[in-house]
Amino acid sequence: MAPALDIPALEVAHLTVSYGSTPALWDVDATFPSGAMSAIVGPNGSGKSTLIAAALGLVPSDSGRSTIFGRPAKEAMRRVAYVPQRESVDWDFPITVREVVEMGRYAEAGWLRRISRSDRAIVDGAIERVGMAPYSRRQIGQLSGGQRQRVFIARALAQEADLLVFDEPFAGVDARTEAALLSLLAQLRDREGRSVVMVHHDLQTVRSMVDWVLLLNVRAIACGPVASTMTPDNLRRVYGAADIGAPAAEGAAWVP
Amino acid sequence: MSDAMIIVLTAGLTATALALLGPFLVLRRVALMGDAVSHAVLPGIVAAFLVFQTRAPLVVILGAAAFALICVLAIEALRGTGLVASDAAIGLVFPALFALGVLGIHRYAANIHLDLDSTIYGEIAFAPFRTLDLGGVEVVRSVLIMGVVAAVNLGLITLLWKELKVTSFDPDFARSIRFSPTVVARLLLIAVAVTAVTAFESVGAILVVALLIVPAAAAYLMTDRLVAMVAIAVAIGWVSSVVGYAGAVEVDASIAGAMGLTAAVIFGIALLASPRHGLIARAVRRARTRRAVERALAEERGAQGAGA
Amino acid sequence: MSMARRLLPALVAIVVVVLLGAACASDSSTSGGDVGERPVRVTTTANFITDLAEVIGGERVEVTGLLGPGVDPHLYKASAGDVAALRDADVVFYGGLDLEGRMADVLDELSDDKPTIAVSEGIPDDRKRQPTEFEGKFDPHIWFSVPLWREAVDVVEQAYVELDPDNADGYRERADAYRAELEALDAEVRETLASIPDDKRVLVTSHDAFGYFGEEYDFEVVGIQGTSTATEATTADIDRVAGVIADRGLEAVFIESTVSPQTIRAVLAAAERRGQTARIGGELFADAAGERGTPEGTYIGMVRHNVGLIAEGLAPSGSR
């Protein structure tokens, strides 16, 4: 399916966010087409996570606006599944795989109501789809890094959202699991026309698997189809000269 | 029913009311909320006394509850700024309120006995003697009050179960599905403040501070399910009440003290002997792993030796 | 609908609890009942009240005191046995005037079942001290005026006579004898204190338990901190008191058995800097009498001890 830009899945215009006096994002314009897999790429501290959170209205922005499928972000959040960075998760929390995935149905159930039988069927399907059915009664802390990430992707699937937004989904995940999860996301895009936007650090993966990319370093450096956007010149502008072509740019940027 | 039954029932219902909320405080890393409230109510007592010139329980409770709410909401607001950590927020708010209370006493009420012990903190030993006339039927006050509070808390966490679960576990995600962690946290903390103040009045401070956190912390070590954690916390509260009372009678000691100590002992047992997270289980697992590794290494060396 | 069903357990719980609470109360009220031939069971709070109850009750009574020596009645924590002591008592004597803090509410509720009597209840309002800020709140430390404590004898005597009329004569005899003893004690106190000249009649203590003592025996009482034990003395308090010690040339100040002596040491240091060397004249019994079985374990012994220390500390060296 060709990326559709007539109604983008996610669009931000003049987005500016600052923490204290230092800007985290400065006047960022970016468009992510619907039905495509997009990545946000940039060095540490370039504002990638902030961009996602601000675009979804989860952190306040100083200026600018964002739209989801052509509607103001706040009104369209029902169509979004957001998977935050995993480092803030308390892995000792007494909760099972199934209970985490059920949270994907909470928005549909609404406040104070319990999830319905049809919601439970959706949860089962999502767990099945990421191959976690044998572990559904496990406490999440007893899973490997890749399994944990699969649980959160299952939760996003259970939300049945048109736009899936991931913040560093493959941090701490081995290469094989990453490939499997990426092909699952590609399936969602190809068979169901869903849109994916993820913060990603592995330039190699981005080149081979992703349709569309935003190069970000506080400002938007370039945004467009991977082939025409990830030029050596643009990458140099994002990362500085040293890191181009390094397989994991963020990791390689730190040289003792 | 005997005095012993009333005391145990009062303690058990208080433990229930507190243990229904405690697990969420432990999981949200604001376990010291109970201690904070126990000190922060002082200015409320002073204010109530200055305005109404009385130490009547109802007035004192209302004054205390007002400042308990100010305390928990101020802590939550301070946490919300992201500028100070949870423990620091607690450590900043309640000493300020307590200091305000001490200043108030010093300035306006230095010559009368106005302190927490003589106003708000009740004594569980006296529970059987404090009754209430309810349409011609005599009812034990503390059993009624703590029972109603426990039932209200049960209703609250039943209704807000999935909201509490998602906002405690993954607040960023909760925000993205429009389940405001702030609103849920406020509701929880209001319940904590009201429960703590009514429990102070019925059974005294030690028991409240102990039963809010200790059973929840012990339960946390004993299970991997949230619903089980809450149920175990309530159960530990009841065991502490029964065993603590029996112990207090045995050595003629403070009932609240004995119950609090029993809860602490149960926590100690859980810490040592919990099947999954206990120290003994952990040591056994480590020893087993070490033996397995040694065996594997020995086999490998043996195989290499045979090969060479 | 489903929400209402989920709230059902909570509602059921409330109803059960109300019923339980009612069931509890209905069988728990055991009255003292007729005393008959068995001894009168008496429960008291502070230990000098225990002493009074025993002296007037004589052989006819069994007294259980809840508070031991050295216990501040405001900070008293009940033990498991105290529940039975209150439940089984035929009569409860306590200090009143908020001496027992929150326990007063309990004693008040208990009065539906059995007589609970404040030994201070016979004292007319105009003889009670009233702190200036709050109307209707009286200083509870009446026992340091021996004539006021004599009023308490009447209260206890009256309670026993009503409870156990068959033995009224015995109570009356013991009360008469004790009243005579207290009168003698009062005279003795005045005589002992006569050795202190007017300008030295200043009693500096750590907290305000001696107001009635001061009024009765003509002393100016200077407390370092207020009545409430929740606040601590300020530097201004310490300066003020050190000033009094220096101005009046006092040689001794006193600490109390229920209050930490730390603050008073700070005061002595401050007075020293102003050129007046005072010493700690000893430990006065304030909110509790001494250990049972020692001379100070009785009311009379406690008063003698205090007055002896005060006279020794404040009288000019020559007269000792």
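Both backbone and side-chain heavy atoms feed into the values below; hydrogens, waters and symmetry mates do not. Proteins get letters first, then strands, A, B, ... in listed order; numbering begins at 1 in each.
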Can you say whether B:Val183 sits under 4.5 Å from chain A via the side chain, the backbone, both, or neither, judging by heavy atoms?
side chain
Check each atom of A:Val80 against the heavy atoms of chain B and say whether the ones under 4.5 Å are side chain, backbone, both or neither.
neither
Heavy-atom pairs under 4.5 Å with chain B - which of A:Pro84, A:Pro94, A:Ala107, A:Gly57 has more of them than the others?
A:Pro94
Show me, pair by pair, the donor and acceptor atoms from chain B and chain A that are under 3.5 Å apart.
{"residue": "B:Arg29", "atom": "NH2", "partner": "A:Asp90", "partner atom": "OD2", "Å": "3.3"}
{"residue": "B:Lys162", "atom": "NZ", "partner": "A:Gly110", "partner atom": "O", "Å": "2.5"}
{"residue": "B:Lys162", "atom": "NZ", "partner": "A:Arg113", "partner atom": "O", "Å": "2.6"}
{"residue": "B:Glu163", "atom": "OE2", "partner": "A:Leu112", "partner atom": "N", "Å": "2.6"}
{"residue": "B:Lys165", "atom": "NZ", "partner": "A:Glu99", "partner atom": "OE2", "Å": "2.8"}
{"residue": "B:Asp170", "atom": "OD2", "partner": "A:Arg86", "partner atom": "NH2", "Å": "3.3"}
{"residue": "B:Asp170", "atom": "OD2", "partner": "A:Arg155", "partner atom": "NH1", "Å": "3.2"}
{"residue": "B:Asp170", "atom": "OD2", "partner": "A:Arg155", "partner atom": "NH2", "Å": "2.9"}
{"residue": "B:Arg178", "atom": "O", "partner": "A:Trp111", "partner atom": "NE1", "Å": "3.4"}
{"residue": "B:Asp224", "atom": "O", "partner": "A:Ile95", "partner atom": "N", "Å": "3.3"}
{"residue": "B:Asp224", "atom": "OD2", "partner": "A:Gln142", "partner atom": "NE2", "Å": "3.0"}
{"residue": "B:Leu226", "atom": "N", "partner": "A:Pro94", "partner atom": "O", "Å": "3.0"}

To the nearest 0.5 Å, what is the distance between CZ (B:Phe173) and CG (A:Leu58)?
11.0 Å
